[in-house]
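Below, chain A is the first sequence line, B the second, and so on; all start at residue 1.
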Protein chains: 2
Amino acid sequence: MAPGPIDKSQVPQATVPRLARYLRVLHRLEREGVPKVSSKELAERLDANAAQIRKDFSYFGEFGVRGVGYEVEYLIDQLSRCLGVSEKWKVIILGAGKLGSALARYRGFQEEGFELVGVFDSSQRVAGSDIDGVTVRPERELPEFLQENPVDIAILTVPGEVAQLVADKVIAGGVRGIVNFAPARLASVDGVFIRQVDLSTELMVVSFYLSKECSPR
Amino acid sequence: MAPGPIDKSQVPQATVPRLARYLRVLHRLEREGVPKVSSKELAERLDANAAQIRKDFSYFGEFGVRGVGYEVEYLIDQLSRCLGVSEKWKVIILGAGKLGSALARYRGFQEEGFELVGVFDSSQRVAGSDIDGVTVRPERELPEFLQENPVDIAILTVPGEVAQLVADKVIAGGVRGIVNFAPARLASVDGVFIRQVDLSTELMVVSFYLSKECSPR
DNA sequence: CAGTGTGAAGGGGTTCACAGCG
DNA sequence: CGCTGTGAACCCCTTCACACTG
């Protein structure tokens, strides 16, 4: 692959979440003190296809040594850079309900370059309370907060009915990335990346494959 | 499409989660009192392609009336049956941590034919506590519980290190479907459907598309 | 004649197979 | 000689276009 900046539109969308998974396994290998790894070994750990892994890497550069494999630490550096997790991203959570506060307390996000700088909720009841050191603020303070504290990514865990409204507010406040857990499609906006996550569909997918058949009538 | 039982392997994997989303929009239309809908109208609500929707339906039967569209209630019945959510599925949650208890309290699951019959946790501290009427039990009671109460689906929200261990236990206990939120691939087992959900990758996907570029070195 | 149902075309992603290199 | 990097084949899925029908 040619050197120089990579055109992201050339990278298959399906590749991106896989890179994140590769990175997780690589971190584990690093902790285990494994210095190098082949695409075949990685594939076994992930039960994936070795060629797939090599091709995914190839969109970004040549990270391996032919006949040998990949140096774990070097590969982690490269993939982190490709995924953009070497940068420090400022994150806020909108909606301190069940899911929102669960995510706020989740360590995993913090570990990979994401810094939770605020939690907002419309309810007066939860406002002022504290989630692992981050204060829950009333949602009406959001515009002012965004003006004073530039935020990169917003996680939406609000009810579906207000999701679009809240999304509009964070976008107006300069947020460029949204992970939406609310069961509502958000209108797309130029320059803003929106990722939809549908937890409630997951059980139905399982239900589909479990149910014996689905004959008409 | 021919009548009679449908072969699930004929249905594209990508179609299944979409059916769940169609169903959600249809339920909203039902609540709004809309009696019928065309694939074009559905497509606008979902921002999807109308032909896609029609093709997805076509794997299961002919649900519409040419020149008219689809009757909302009838379509809901048909899609529910296809997805298997007309049946009542018994669900347990393994791991009453942040995410586990958030999911346990989540109403959405209950509404679509899924019945939460148990929550289990390895910690003595949480065992005995109560989440919206469901008692959290110590994990060692799991085998006995599964013997007395047949369970269809298990939701895994345990730490990654013990996920495989816990999965083995529920499979041994007769569970045939697993939704795994733990950041660990589970070994596949014949006759058991496993769905992997990776929350921690979602932020990285956003980070990828936000970061300006990823030039080598 | 409007909107469904669907064969066929098109595109994207995965897998193969092997050339290339350490 | 072994494993990477990658063009090409393959496969799955999406989209188009239109025949079909209430």
Run the salt-bridge test on A:D198 and A:R185 with the 4.0 Å N-O cut-off and return the result as yes or no. yes
Gap between atoms CZ and C1', on B:F63 and C:dG3 respectively (whole Å): 17 Å
Would you say B:R66 places a side-chain N or O within less than 4.0 Å of OP1 or OP2 belonging to D:dA19? no
Ignoring backbone atoms, establish whether A:Y59 has a side-chain N or O less than 4.0 Å from OP1 or OP2 of C:dG12. no
For the pair made of CD in A:E62 and P in D:dC3, what is the distance, rounded to whole Å? 18 Å
Please report, rounded to the nearest Å, how far the P atom of D:dC3 is from the CG atom of A:L75. 16 Å
Do other residues, nucleotides or ligands put more than 12 heavy atoms under 6.0 Å from B:E44 CD? yes
Mind calculating the distance between CG (A:D56) and C1' (C:dG12) to the nearest angstrom? 13 Å
Could you tell me the separation between the CD atom of A:Q10 and the C1' atom of C:dG11, rounded to a whole number of Å? 14 Å
Looking only at heavy atoms, which two atoms of B:A96 and B:D121 are closest? And how far apart? N-OD2, 2.6 Å
Given that A:G67 and A:V11 both sit by DNA chain C, which one's nearest nucleotide is further toward the 5' end? A:V11
Is the count of non-hydrogen atoms from other residues, nucleotides or ligands lying under 6.0 Å from B:E73 atom CD greater than 12? no
Which listed nucleotide (C:dT14, C:dG3, D:dT6) is nearest to the side chain of A:R54? D:dT6
Any residue of residues 40-51 of chain B with a heavy atom less than 4.0 Å from an atom of DNA chain D: B:N49, B:A51
Heavy-atom neighbours of B:Q147 CD exceed 12 at 6.0 Å: no
Between B:Y209 and A:F193, what is the ring plane arrangement, given parallel below 30°, perpendicular above 60°, and tilted in between? parallel
Would you say B:R18 places a side-chain N or O within less than 4.0 Å of OP1 or OP2 belonging to D:dC13? no
Counting heavy atoms from C-beta on, name the nucleotide in D:dC3, D:dG5, C:dT14 closest to the side chain of A:Y70. D:dG5
Distance in angstrom units between A:I53 CD1 and D:dG5 C1', rounded: 14 Å
Closest listed nucleotide, where the reference is the side chain of B:K55 and the choices are D:dA19, C:dT15, C:dG7: C:dG7
Could you check whether A:F57 gets within reach of a base, just the sugar-phosphate, or nothing at all, counting any heavy atom under 4.0 Å? nothing
Identify the heavy atoms of A:W89 and A:G84 that sit nearest to each other, and give their distance. NE1-O, 2.7 Å
If only side-chain N and O atoms of A:S39 are considered, is one of them under 4.0 Å from the OP1 or OP2 phosphate oxygen of D:dT4? yes
Whole-Å distance separating the CD atom of B:Q52 from the P atom of C:dG7: 17 Å
With B:K8 as the cation and A:F208 as the aromatic partner, state whether NZ or CZ is under 6.0 Å from the six-membered ring centre and within 45° of the axis. yes
Measure CD/A:E71 against P/D:dT4 and give the value in whole Å, please. 14 Å
Contacts of A:T15 and A:V68 projected onto DNA chain C by closest heavy atom; the upstream (5') one is A:T15
